[in-house]
Amino acid sequence: MSILEVFVPSNLQELQECLKRANENTCLISGGTDLIIKLKENPQINVNLIDLSGVEELKYIKVEGNTVKIGSRATFTQ
């Protein structure tokens, strides 16, 4: 595997800018478990990474009416 570029946005606005430049070789990671699985399945893959770990706005669990919203950085403990 070869990691071509790593982007580490610190807020939603920076994340949006990163996503505008994303292509089919871009992976979003927070913990990395899904990336490990993907790399085991296809070890010759070249990827660009967007690390979500710095985007605090994505770390939430909210109940709104009859809907539960879970942010991509919500933890099992939450």
Side-chain angles (χ1 to χ4, degrees):
M1 174 198 83
S2 178
I3 297 175
L4 303 174
E5 291 186 274
V6 178
F7 303 97
V8 186
S10 60
N11 57 51
L12 289 176
Q13 183 177 355
E14 290 179 11
L15 175 58
Q16 288 175 333
E17 291 303 314
C18 290
L19 292 173
K20 287 178 185 177
R21 296 189 301 264
N23 59 35
E24 66 276 357
N25 295 324
T26 301
C27 293
L28 302 173
I29 65 167
S30 187
T33 304
D34 293 341
L35 179 62
I36 300 291
I37 293 168
K38 187 173 184 176
L39 295 175
K40 284 183 180 181
E41 293 172 353
N42 193 1
Q44 69 276 5
I45 192 169
N46 294 318
V47 296
N48 297 310
L49 299 178
I50 300 176
D51 181 357
L52 302 176
S53 64
V55 184
E56 287 299 315
E57 296 100 325
L58 299 176
K59 192 173 185 177
Y60 63 86
I61 298 176
K62 300 175 185 176
V63 177
E64 296 179 0
N66 293 331
T67 304
V68 176
K69 296 183 178 184
I70 302 174
S72 59
R73 289 205 50 239
T75 64
F76 184 74
T77 304
Q78 284 178 292

Cluster overlap [X] with [Y], hydrophobic side-chain contacts below 4.5 Å:
X     : Y     : result
Val68 : Tyr60 : no
Ile50 : Val55 : yes
Phe7  : Leu19 : yes
Leu4  : Val47 : no
Val6  : Leu28 : no

Out of curiosity, [X] [atom1] to [Y] [atom2], how far, rounded to the nearest 0.5 Å?
X     : Y     : atom1 : atom2 : result
Asp51 : Cys18 : CG    : SG    : 10.0 Å
Gln16 : Asn11 : CD    : CG    : 9.0 Å
Ile29 : Thr26 : CD1   : OG1   : 12.0 Å
Asn48 : Asn25 : CG    : CG    : 6.5 Å
Lys40 : Ile45 : NZ    : CD1   : 15.0 Å
Gln44 : Asn42 : CD    : CG    : 4.0 Å

ask   = So with a 6.0 Å cut-off around CG of Asn66, is the heavy-atom count from everything else above 12?
value =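 Result for CG/Asn66: open.
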inquiry  = Within a 6.0 Å radius of atom CD on Gln78, are there more than 12 heavy atoms belonging to other residues, nucleotides or ligands?
reply    =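 Buried by this count: over 12 neighbours within 6.0 Å.
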query = Side chains of Lys20 and Glu17: closer than 4.5 Å at any heavy-atom pair?
reply =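 Answer yes - side chains close enough.
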key: Ser30 to Arg73 - nearest heavy-atom pair and separation   =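 Minimum heavy-atom contact is OG-CG, 3.7 Å.
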For Lys59 against Thr75, the heavy-atom pair lying closest together =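 The answer is CE-CG2, 4.0 Å.
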